[in-house]
Asker: 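Before anything else, here's the structure in question.
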Amino acid sequence: MVQTIYLASKSPRRHEIFKLAGLEFTYIESSYEEVIPLHIGNPEEIPVWLAEQKAIHTDVDLKGSILVTADTLVFLENRILGKPKDAAQALEFLQALSGRMHRVISGVCLKTETETLLISDVTNVYFRDLTTEELFYYIETCKPFDKAGAYGAQDWLGIVGIEKIEGSYFNVMGFPMHKVYPLLRRGKL
């Protein structure tokens with residue numbers, strides 16, 4: 001295994017997933033200011049592109065180490081539901097997701113001194129019909145403003161509202177560890 005894994009992510013959910021997987025890591029910050037790119041025609045490529053930009057804009061010595069960056073977005077048809085800016089937008093997102101299937105797509109960038117590997121994972125998530133009262137309660141109590149699509153699968157709304165998931169639960173939480181773990185344990189890309 002590599003000497004040091006640098007995780008350039010502020011997400012407490014990603015930190016938790018790494019800890020649950022038994023991976024020691026050092027948290028560092030990326031200087032990249034996240035902006036959804038308009039030049040990418042295929043929306044499914046956006047999370048991978050964002051993860052790569054985070055890696056490019058992270059200042060770290062990678063000798064004997066690996067840098068991990070990631071981004072997760074929610075897609076309802078071809079509409080991107082990022083992090084809501086306020087309660088009104090969170091309500092709009094959640095009402096749009098209610099009773100429907102959406103895709104959660106994560107992009108991961110693994111970077112060493114000599115190699116860069118980009119990974120993508122897609123999970124289909126199905127919500128039951130949610131009442132406005134439930135959505136107001138969730139927004140008020142969980143304040144999902146740091147979550148793509150305005151919800152967390154591990155939060156109250158995910159627990160009571162998700163009917164079915166096709167794919168990785170941890171991808172919905174923000175990191176497809178099932179794809180990354182074997183690479184990190186091996187220490188080589």
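Treat the numbers as computed from the prediction; the structure is a model and nothing was measured.
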Asker: Show your working on ring pair (Phe, Tyr, Trp, His ring centres under 6.0 Å) between H102 and F93 and close with a plain yes or no.
Answerer: CA-CA 11 Å; H102 62 278; F93 286 1; over 10 Å; no

Asker: Got a salt bridge between R128 and E134, using NZ or NE/NH1/NH2 to carboxylate O under 4.0 Å?
Answerer: yes

Asker: Nearest heavy-atom pair of G107 and P47: which atoms, and what distance?
Answerer: N-CB, 3.5 Å

Asker: With sequence neighbours excluded, what pairs up with Q89 under the side chain to side chain donor-acceptor pair (under 3.5 Å) test?
Answerer: none

Asker: Salt bridge or not for R14 and D71, using N-O below 4.0 Å?
Answerer: no

Asker: In chain order, what residues pass the side chain to side chain donor-acceptor pair (under 3.5 Å) check against T114, with sequence neighbours excluded?
Answerer: none

Asker: Starting from Y6 and following side-chain heavy-atom contacts under 4.5 Å between hydrophobic residues (I, L, V, M, F, W, Y), which residues can be reached?
Answerer: I28, V60, L62, L67

Asker: Hey, could you give me the OG1/NZ distance between T58 and K111, rounded to the nearest 0.5 Å?
Answerer: 8.5 Å

Asker: Checking E52 now: which residues fulfil salt bridge (Lys or Arg N to Asp or Glu O under 4.0 Å) with it, not counting sequence neighbours?
Answerer: none

Asker: Are D146 and K10 ion-paired here, with the side-chain N under 4.0 Å from a carboxylate O?
Answerer: no

Asker: Hey, could you give me each pair passing salt bridge (Lys or Arg N to Asp or Glu O under 4.0 Å) that has a residue in residues 81-98? Not counting sequence neighbours.
Answerer: R79-E92

Asker: Measure from the side-chain N and O atoms of R103 to the backbone N and O of V125, and report whether any donor-acceptor pair falls under 3.5 Å.
Answerer: no

Asker: Looking at L94, is its backbone amide N or carbonyl O close enough to the side chain of S98 to form a donor-acceptor pair, meaning the two atoms are under 3.5 Å apart?
Answerer: no

Asker: Do any side-chain atoms of residues 157-170 form donor-acceptor pairs under 3.5 angstrom with protein atoms, and if so which ones, sequence neighbours left out?
Answerer:
| residue | atom | partner | partner atom | Å |
| --- | --- | --- | --- | --- |
| E166 | OE1 | N124 | ND2 | 3.2 |
| E166 | OE1 | Y126 | OH | 3.1 |
| E166 | OE2 | Y126 | OH | 3.4 |
| S168 | OG | F170 | N | 3.2 |
| S168 | OG | N171 | N | 3.1 |

